Amino acid sequence: MAQKPAIPKGTRDFSPVEMAKRNYIFDTIKSVFVKYGYQPIETPAMENLSTLMGKYGEEGDKLLFKILNSGDFLAKANEQFLTEKNSVKTTTQISEKGLRYDLTVPFARFVVQHQNEITFPFKRYQIQPVWRADRPQKGRYREFYQCDVDVVGSDSLMNEVELIQIVDDVYNALGINVVVKLNNRKILTGIAEIIGEADKIIDITVAIDKLDKIGLDKVNEELRQKNLSEGAIEKLQPIINLAGTNQEKVETLKSVLKTSEVGLKGVSEIESVLEYLATLTITTEVELDLTLARGLNYYTGAIFEVKALDVQIGSITGGGRYDDLTGIFGLKDVSGVGISFGADRIYDVMNTLDLYPKESIVSTQLLFVNFGEKEALYSLKALQHVRAAGIKAELYPDSAKMKKQMAYANKKEILFVAMAGEDEILENKITLKNMSSGEQSLVTVEEAISIIQK
RNA sequence: GUGGUUGUAGCUCAGUUGGUUAGAGCGCCGGAUUGUGGUUCCGGAGGUCGCCGGUUCGAGACCGGUCUUCCACCCCA
């Protein structure tokens, strides 16, 4: 056999059935975004490395897919870097473009570049693939879709509330049980402030995050390993052990952070968001969780994460507020807040729970059997009426054996089959067969339409 | 990036301490049934055993490398 073709690690093909399912997810998400007044944009798959580099931390830079320059790029490379085999420095000379790593940074670039055409507050959504040179695992791909909603140019906490409503709406529509975890970067900053370890905030949250897995003693041990003083660890105890209702957590934080201005600001922000939410009808549970440390590189206020309750998979949605993001591109004082739905992980969750409504994945509803040229032409006319009524219908293109045509309908899970042979043509009718019940009857095209539309 | 794991027909997997022409189930194609699928019966096609190299008289089995899969860490959707 010839060499088997393959696709790169961490990428996937999608069959028609898989596409139907994925489109159902995308359409559902999109319709919610639109319902809240967000508008779509798209940005190129590749960006200049200068806009991408340094936005995701050192780790992120390594995970960027870089695109080789065109032409004789090695001729322009510094010889010393080449002989030193210095990959980092050589890369900057032979590559100036990269594949986008997320949709937030390209969006920030978009906002800055189009600031004079944009009306603020700008509410946009963006559904496009992103690429990461990560090592693939389950629920972790090198090419995957993100569905981002962001609003820039507004400091109002109403935006945070709206985003949680959107999450609630999307997951209700999809039928996935989730919990929204909420945190605030200002609280984390405040905590670091009062224990005098401002630079260790990431180590602290990473350690606290392991509480469920490894227990309190091991968490404290890890904190010691990260060179935190005993006094600092002591002060952290009420925070690590933070429990109870959101209200109780807020009260604890207020007293722990009473000497930190930033910390209290964060607490009051969360309190406001929770208060607003309480006046609305939200079915999703919202939980204050200090261990959320995601995106610390640019989040400055609220931090969100959504986890599926019935499937073990990483977070399926995440986001937060970033006050300074466009600042990197030269536009100051534009605050943004947004979240990103991970379509591929949602897809995995939907599949394991089999949550697709049947009608969302049917392709053809009605197949006309082909008995020959004359009959096919009769069917073609009937098809025009059927399609005009909004029914997805097709004619088997060849006058193959009946058995083969029926098997085709069966395989494609077509709901109804229409047969129009000599007898039917004489009566100006068709024989309509329900493929799941096996029942069939001689009806007019109009009658067939109403049966199918039921 | 670190450590581990996996790879035999389209799919799920057998394959005995290395020993002749590599098997099953499902699926696929054809027939039984010249206007009726999903059941049944009969027949058929399809594999340089992930790839490259090594050990051996002999490798799907052993060794090395490489790619791939999945897992943990890291990070994250």
Side-chain angles (χ1 to χ4, degrees), chain A residues 1-12 15 25 29 56-64 87 100-104 127-148 202-203 205-206 209-210 213-214 222 292-297 303-308 312-319 338-349 367-372 375 396 399-425 430-440 442:
Chain A
M1 187 161 68
Q3 235 185 344
K4 271 186 190 166
I7 53 173
K9 189 199 285 202
T11 65
R12 294 149 300 156
S15 68
I25 294 170
I29 291 174
Y56 312 103
E58 231 174 279
E59 287 297 317
D61 285 355
K62 282 190 221 156
L63 297 180
L64 285 171
S87 305
R100 74 167 97 81
Y101 177 91
D102 70 358
L103 300 178
T104 306
I127 298 177
Q128 288 190 277
V130 302
W131 295 269
R132 295 184 189 177
D134 215 345
R135 187 173 289 199
Q137 272 179 42
K138 199 191 211 82
R140 166 178 275 186
Y141 308 99
R142 286 187 152 180
E143 178 186 63
F144 60 96
Y145 275 77
Q146 290 193 329
C147 311
D148 275 29
I202 293 175
D203 289 338
T205 51
V206 166
D209 189 31
K210 292 177 185 164
K213 254 192 219 166
I214 60 178
E222 183 163 330
L292 275 197
R294 58 182 322 96
L296 276 182
N297 290 309
I303 304 175
F304 309 104
E305 181 168 290
V306 179
K307 290 206 142 188
Q312 189 83 39
I313 197 162
S315 77
I316 52 177
T317 293
I339 48 170
S340 176
F341 289 80
D344 296 271
R345 285 188 179 173
I346 292 171
Y347 173 71
D348 288 347
V349 171
L367 173 79
F368 275 81
V369 173
N370 190 326
F371 289 112
E375 292 87 346
Y396 196 89
S399 71
K401 274 189 204 159
M402 185 79 174
K403 182 188 162 95
K404 188 166 183 173
Q405 302 193 40
M406 293 301 285
Y408 173 84
N410 201 45
K411 205 66 70 57
K412 271 186 85 172
E413 294 186 59
I414 292 172
L415 274 23
F416 292 91
V417 167
M419 281 158 285
E422 247 178 84
D423 299 347
E424 285 89 352
I425 292 173
I430 59 171
T431 296
L432 185 70
K433 172 166 178 149
N434 181 320
M435 288 298 278
S436 53
S437 69
E439 291 165 17
Q440 61 185 59
L442 185 65

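Reminder, nothing fancy here: chain letters follow the sequence lines and each chain counts from 1. Remember, it's a predicted structure, so these values are computed and weren't measured experimentally.
- With A:D344 as the partner, the side-chain hydrogen bond (donor to acceptor under 3.5 Å, both in side chains) test is satisfied by one option alone out of A:R12, A:R140, A:Q146: A:R12.
- At a threshold of 4.0 angstrom between heavy atoms, the contacts of A:K411 are confined to the sugar-phosphate backbone, with no base atom among them.
- Residue-to-nucleotide proximity on RNA chain B shows that, of A:A420 and A:Q146, the 5′-proximal contact is made by A:A420.
- Backbone-only contact: A:A407 has heavy atoms under 4.0 Å from sugar-phosphate atoms and none from a base.
- Between A:K138 and the phosphate of B:U69, there is no side-chain N or O to OP1/OP2 separation shorter than 4.0 Å.
- For the C1' atoms, the distance from B:G38 to B:U48 is 38 Å, rounded to whole Å.
- Across all strands shown, A:E143 has no heavy atoms under 4.0 Å from either base or sugar-phosphate atoms.
- Each of A:P8 and A:G438 has a nearest nucleotide on RNA chain B; the 5'-most of these lies closest to A:G438.
- Across all strands, A:Q440 comes closer than 4.0 Å to base atoms (heavy-atom distances).
- The residue A:F341 sits apart from the nucleic acid: no heavy atom pair falls under 4.0 Å.
- Of the candidate nucleotides B:A72, B:G35, B:C75, B:G35 has the atom nearest to the side chain of A:F371.
- When distances are taken from the side chain of A:R132 to each of B:G38, B:C76, B:G1, the shortest belongs to B:C76.
- Counted by atom type alone, A:Y408 and A:K412 present one or more donor-acceptor pairs between their side chains at under 3.5 Å.
- The gap from the P atom of B:C62 to that of B:U6 amounts to 11 Å, rounded to the nearest Å.
- A:K9 has a side-chain polar atom (N or O) that falls below the 4.0 Å cut-off from OP1 or OP2 of B:U68.
- Separating the C1' atom of B:C71 from that of B:G31 is a span of 48 Å, rounded to the nearest Å.
- Spacing of C1' atoms, B:U8 relative to B:G46, comes out at 14 Å, to the nearest Å.
- Nucleic acid contact class of A:G60 (heavy atoms, under 4.0 Å, all strands): none.
- For B:C75, its base sits under 3.5 Å from the side chain of A:R140 at one donor and acceptor pair at least.
- Taking atom P on both nucleotides, B:A72 is separated from B:G58 by 43 Å, rounded to a whole Å.
- No contact: A:E375 has no heavy atom under 4.0 Å from any strand.
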For this session: Applying side chain to side chain contact (heavy atoms under 4.5 Å, CB included), run through A:F371 and A:E422 and close with a yes or a no.
Result: CA-CA 9 Å; A:F371 289 112; A:E422 247 178 84; over 6 Å; no
